[in-house]
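Worth knowing before you read on, the calculation uses all heavy atoms, side chains too, and leaves out hydrogens, waters and symmetry mates. Sequence positions, counted from 1, serve as the residue numbers for this chain.
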Amino acid sequence: MASTISPLLTLPLFNCTSFNRHFVMQCGHFRLRKLFMKNSRKCPTNSWIFSTPAWRRGLCIVASATTKQYGDVMEVSAKESEPPCYAWPDNNKRPRVCILGGGFGGLYTALRLESLTWPDDKKPQVVIIDQSERFIFKPLLYELLSGEVDEWEIAPRFSDLLANTAVQFFQDKVKSLHPRYHIEKNGHAVSGSAGVVHLESGLLLEYDWLVIALGAEAKLDVVPGSMEYAYPFSTLEDACSVNEKLTALERKYFGKESSIHITVVGCGYSGVELAATIAERLQARGCVQAINVGKTILPNAPPGNRESASKVLSSRNVQLLLGYFVRCIRRKGDIETSHELSNVEADHDDPERFVLELEPAERGLKSQTVEADLVLWTIGSKPLLPQLETVDQLLDLSLNSRGQAETDETLRVKGHPRIFALGDSSALRDRSGKLLPDTAQVAFQQADFAAWNLWAAINDRPLLPFRFQNLGEMMTLGRYDAAVTPSFIEGLTLDGPIGHTARKVAYLIRLPTDEHRFKVGISWLTKSAVESAAFVQNTLTKMLSGS
């Protein structure tokens with residue numbers, strides 16, 4: 001069925017690509033058949049899409065395979081369309097930078113590129129591609145559960161963040177990459193583009209420089225039942241789902257003597273922050289358990305953070321099950337015999353609950369089974385880079401065992417001088433040979449270096465080696481609690497309300513744009529003023545009633 005042509009399209013005909021061989025490709029609403037080459041200059045590639053050296057350029061109207069609008073891209077009838085190709089505004093006149101992923105690595109690289117000083121003919125055209133329409137400030141996702149922040153504050157739309165920039169944003173998913181190999185050692189392409197990005201919508205983007213910052217997703221397929229019954233907590237959708245589930249449980253158990261049972265699997269930063277935040281929210285209405293295979297929580301955290309977290313968890317009666325791993329997760333209603341439930345610790349019989357079978361990871365412990373109304377899984381993650389399709393192994397990127405691209409010190413992918421990788425997509429080691437952690441702090445710093453090195457490469461300047469500077473570690477422990485351990489003052493840990501304020505200020509400074517930073521700062525100040533006024537009013541009321 002033909003689609004309506006976008007009324008926003010006011011640009012003339014665009015560049016696109018056609019082929020000299022018969023093939024059929026299904027891309028969304030498009031079925032492409034028997035496309036013939038046009039007479040124009042040759043631009044070879046060894047992508048599977050353009051599998052012969054006779055890839056040529058012609059003129060056609062660029063089309064999108066989905067209902068998305070890409071600025072220079074409009075929708076046309078499938079019968080009238082050729083392969084949908086994005087037409088860069090200045091075509092080949094200025095460098096074309098394609099950034100895959102809009103997290104800390106991708107978005108901050110684009111914003112940094114915008115802030116640098118460029119010669120007029122070398123300022124790059126930049127496109128960001130991300131599945132979500134929003135940038136997620138992940139360290140503040142826990143505040144959604146405590147009600148400290150609103151969604152717009154920590155998940156602004158890319159369209160708003162990039163409104164005052166020349167950066168283009170496509171909400172789409174990357175299907176495959178097709179880098180060209182005819183590139184000199186210094187990174188200059190012999191001819192044409194450095195490669196092509198193929199999106200799930202069917203759109204094709206040529207690029208001169210590529211930044212891979214696809215991030216990672218929760219790894220749920222670990223034990224039987226975890227995929228079906230456990231909730232991850234790494235995206236805005238995850239946080240909203242957990243918040244909705246908690247709200248439903250609070251309504252379900254309102255006025256009842258039974259308590260809400262929450263089980264958090266994993267006692268790293270994410271697990272401890274979730275356990276502390278949820279325990280504070282539920283208070284006496286809930287029972288929170290945290291399971292960890294090790295004998296301690298936060299094994300890689302500074303001692304000050306670990307001690308502060310232990311005190312908070314103990315004060316909120318969070319039950320720590322240390323030295324156990326989860327063997328499987330099952331729904332209680334699916335278990336038929338009462339014998340299997342003989343050692344389940346529960347305060348009532350509810351078939352909607354889940355049963356976790358725990359096995360000891362160390363000697364001296366016995367197997368046990370626990371129940372939960374909600375299971376939160378915080379163990380493990382997997383980079384999204386290996387999920388890209390490859391045909392005949394044309395994507396010859398050097399990946400480690402986790403699926404991260406091996407890079408040199410300048411963040412360029414080994415063997416591909418036109419491709420940079422950072423964040424969860426990058427396997428970069430420090431001077432001691434240890435892999436850098438997959439944290440927002442690392443991605444944020446890498447974005448600054450990636451942007452600078454892109455500037456240097458485009459302007460034929462030497463690239464800088466990336467050196468990670470550990471500024472310290474921060475964690476939230478509830479609405480008024482946090483732990484902050486700066487690296488530049490040995491032995492210092494700010495906790496309680498002071499730590500909470502310091503953490504909020506530090507993250508406010510790290511928000512992506514000045515405009516968004518200002519709006520969020522005003523919002524937080526307003527909320528603080530309202531809370532302070534309410535606190536004073538309640539205090540005065542109690543004093544007057546007591547007298």
Side-chain angles (χ1 to χ4, degrees), residues 142 144-146 218 220 222-233 238-268 270-293 297 309 312-335 337-360 365-379 477-478:
Y142 309 95
L144 281 179
L145 302 184
S146 63
L220 286 177
V222 180
V223 301
S226 58
M227 180 71 76
E228 295 82 3
Y229 304 127
Y231 282 72
F233 197 85
D238 295 339
C240 292
S241 296
V242 172
N243 188 51
E244 291 173 0
K245 182 64 176 178
L246 286 173
T247 302
L249 289 172
E250 288 169 332
R251 292 173 179 171
K252 177 180 179 180
Y253 287 92
F254 180 77
K256 297 182 180 180
E257 296 182 358
S258 302
S259 59
I260 304 170
H261 281 229
I262 308 295
T263 297
V264 180
V265 181
C267 288
S270 182
V272 170
E273 289 176 298
L274 272 175
T277 301
I278 293 175
E280 180 188 55
R281 170 173 169 167
L282 297 180
Q283 297 183 1
R285 297 171 297 169
C287 174
V288 179
Q289 298 172 317
I291 303 170
N292 196 48
V293 68
I297 65 171
V312 170
L313 295 178
S314 176
S315 66
R316 295 175 188 167
N317 298 318
V318 175
Q319 182 183 0
L320 298 177
L321 300 174
L322 304 178
Y324 287 94
F325 65 88
V326 179
R327 189 168 70 87
C328 71
I329 305 175
R330 296 180 289 174
R331 187 182 293 275
K332 186 175 180 180
D334 297 337
I335 303 176
T337 62
S338 59
H339 174 71
E340 294 184 74
L341 298 177
S342 59
N343 60 341
V344 174
E345 298 180 2
D347 55 340
H348 76 295
D349 189 19
D350 185 352
E352 294 300 319
R353 282 188 167 184
F354 304 103
V355 176
L356 292 83
E357 296 184 8
L358 308 184
E359 293 290 336
L365 299 175
K366 296 182 179 180
S367 301
Q368 60 175 304
T369 310
V370 298
E371 280 191 15
D373 294 290
L374 175 63
V375 181
L376 300 175
W377 195 273
T378 67
I379 298 176
L477 295 170

What's the shortest heavy-atom distance between [X] and [Y], and which atoms?
{"X": "Ala230", "Y": "Trp377", "result": "CB-CB, 3.9 Å"}
{"X": "Ala279", "Y": "Val318", "result": "CB-CG2, 3.6 Å"}
{"X": "Leu313", "Y": "Ala275", "result": "CD2-CB, 4.2 Å"}
{"X": "Cys287", "Y": "Ser259", "result": "CB-OG, 4.2 Å"}
{"X": "Arg330", "Y": "Tyr229", "result": "CA-CE1, 4.0 Å"}
{"X": "Leu356", "Y": "Val265", "result": "CD2-CG2, 4.2 Å"}

With rounding to the nearest 0.5 angstrom, report the [atom1] to [atom2] distance, [X] to [Y].
{"X": "Leu365", "Y": "Leu358", "atom1": "CG", "atom2": "CG", "value": "10.5 Å"}
{"X": "Leu246", "Y": "Leu282", "atom1": "CG", "atom2": "CG", "value": "6.0 Å"}
{"X": "Glu228", "Y": "Ile329", "atom1": "CD", "atom2": "CD1", "value": "9.0 Å"}
{"X": "Leu477", "Y": "Ser146", "atom1": "CG", "atom2": "OG", "value": "11.5 Å"}
{"X": "Gln289", "Y": "Leu320", "atom1": "CD", "atom2": "CG", "value": "10.0 Å"}
{"X": "Leu220", "Y": "Tyr231", "atom1": "CG", "atom2": "OH", "value": "11.5 Å"}

Between [X] (side chain) and [Y] (backbone), is there a donor-acceptor pair under 3.5 Å?
{"X": "Asp373", "Y": "His261", "result": "yes"}
{"X": "Arg285", "Y": "Ile260", "result": "no"}
{"X": "Thr369", "Y": "Glu357", "result": "no"}
{"X": "Arg251", "Y": "Ala248", "result": "no"}

So do the side chains of [X] and [Y] get within less than 4.5 Å of each other, counting heavy atoms only?
{"X": "Glu352", "Y": "Arg331", "answer": "yes"}
{"X": "Ile297", "Y": "Asn292", "answer": "no"}
{"X": "Phe233", "Y": "Leu376", "answer": "no"}
{"X": "Leu144", "Y": "Asn243", "answer": "no"}
{"X": "Phe325", "Y": "Val222", "answer": "no"}
{"X": "Val272", "Y": "Cys267", "answer": "yes"}
{"X": "Leu321", "Y": "Gln368", "answer": "yes"}

side-chain contact (heavy atoms from CB on, under 4.5 Å) for Leu249 and Ile262? Distances and angles first, verdict last.
CA-CA 10 Å; Leu249 289 172; Ile262 308 295; 4.1 Å; yes
Would you tell me whether Glu359 and Ser367 have side-chain atoms, one donor and one acceptor, within less than 3.5 Å of each other?
yes
